[in-house]
Protein chains: 2
Amino acid sequence: MAVDDEQLDRAFTALGDPVRRAMIARLSRGPATVNELAEPFPITKQAVSRHIQVLEAAGLISRTRDGQRRPCHLEPTVLEALTSWIDEYRLETERRFRRMDELLRTVQEQEK
Amino acid sequence: MAVDDEQLDRAFTALGDPVRRAMIARLSRGPATVNELAEPFPITKQAVSRHIQVLEAAGLISRTRDGQRRPCHLEPTVLEALTSWIDEYRLETERRFRRMDELLRTVQEQEK
DNA sequence: CCCTTGATCAACCGATGTGTTGAATATAGG
DNA sequence: CCTATATTCAACACATCGGTTGATCAAGGG
């Protein structure tokens, strides 16, 4: 579960592309081959193949073998690491906002 | 709260850089100016200024004015949209995994 | 054993990203 | 008013990204 800084780099940038995000969405419903993943997009299979390599290098998907096919499987672990990273700072910020509100209300109380 | 596809592009790629992630971490503890944000990094203020512009364009931070300073504030809204996006597909995948386990166990049961 | 299919590799191209330096702008403050 | 400080703009260099085409590799099926 140890996701280092470079892993976060790769995972976040991997998700910063609409084609790759659509692939993630597709794979959440089940495994798919390169050809299946390529179908919705007006780009070459080679380009799709490289998007897949990016997702794999980011640890977001894994691949198995089925004859001449190489099905892709979504790996939820790194996705969870991303939400953990985000939530740490989002929640800290929201806590800070609440403390500010609290303080503001206290000051207003004393001004009366 | 409507975060479109291009907004997701900008936000995810913005987080795909270690400098910008460190800035987010810093800003979760409170507002900071360009100079304060630049301090930990061995790069020029101009480079920092542009990282900040990237974060702002992604909707991850906002900026106010305090004299000649332009303090940055972390905006949790888009962060939350990112976790929502991720969790949708992560949870779907985990549900699917559980159904698979269930099915596998049923088959094994019948083989006895 | 060929030939088709699935997938990848290699080389190339244009666009974008990230850094630099140097100049410019704006506000603070004596 | 003049100068220092905070920030940004402009132009440039270099690397990476995302796409292409053409060749190659690997597995299956007649």
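Chain naming here is simple, since letters A, B, ... match the order of the sequence lines and numbering starts at 1 in each.
Contact between the side-chain N/O atoms of B:R63 and the OP1/OP2 oxygens of D:dT8 is found at a separation under 4.0 Å. At C:dG19, one or more side-chain N or O atoms of B:H51 fall inside 4.0 Å of OP1 or OP2 (strictly under the cut-off). OP1 or OP2 of C:dT20 sits under 4.0 Å from a side-chain N or O of B:T44. Between C:dA7 and A:Q53, no contact under 4.0 Å exists linking OP1 or OP2 to a side-chain N or O. Here A:N35 does not reach the OP1 or OP2 of C:dT5: none of its side-chain N or O atoms lies under 4.0 Å away. In this model, the phosphate group of D:dT7 is not approached by any side-chain N or O of B:S49 to a distance below 4.0 Å at OP1 or OP2.
Contact check for A:T33 versus A:R70: no side-chain heavy atoms found under the 4.5 Å cut-off. In this structure, the side chains of B:R21 and A:D5 come closer than 4.5 Å at one or more pairs of heavy atoms. Between A:L15 and A:L60 there is a side-chain heavy-atom pair separated by less than 4.5 Å.
B:T13 comes within 4.0 angstrom of nothing in the nucleic acid, heavy atoms only.
Here the nucleotide nearest the side chain of A:I43, chosen from C:dA7, D:dT20, D:dA6, is D:dT20.
Ion pairing between a basic and an acidic side chain is recognised when a charged N comes within 4.0 Å of a carboxylate O; B:R95 and B:E92 show such pairing. The pair A:D87-A:R90 counts as a salt bridge, with a side-chain nitrogen and a carboxylate oxygen less than 4.0 angstrom apart.
Straight-line distance from the CD atom of A:Q68 to the C1' atom of C:dT4: 8 Å, rounded to whole Å. A:R69 has its CZ atom 13 Å from the C1' atom of D:dA26, to the nearest Å. Atoms CZ (A:F41) and P (D:dG19) sit 10 Å apart, rounded to a whole Å. Between the CZ atom of B:R65 and the P atom of D:dT8 there is a distance of 9 Å, rounded to whole Å. D:dA26 atom P lies 12 Å from atom CZ of A:R70, rounded to whole Å. Following rounding to the nearest Å, B:D17 (CG) and D:dC17 (P) show an atom-to-atom distance of 12 Å.
For B:R50 against C:dG19, a side-chain-to-base donor-acceptor contact under 3.5 Å is present. If you check distances only, the side chain of A:Q46 does reach the base of D:dG22 with a donor-acceptor pair under 3.5 Å.
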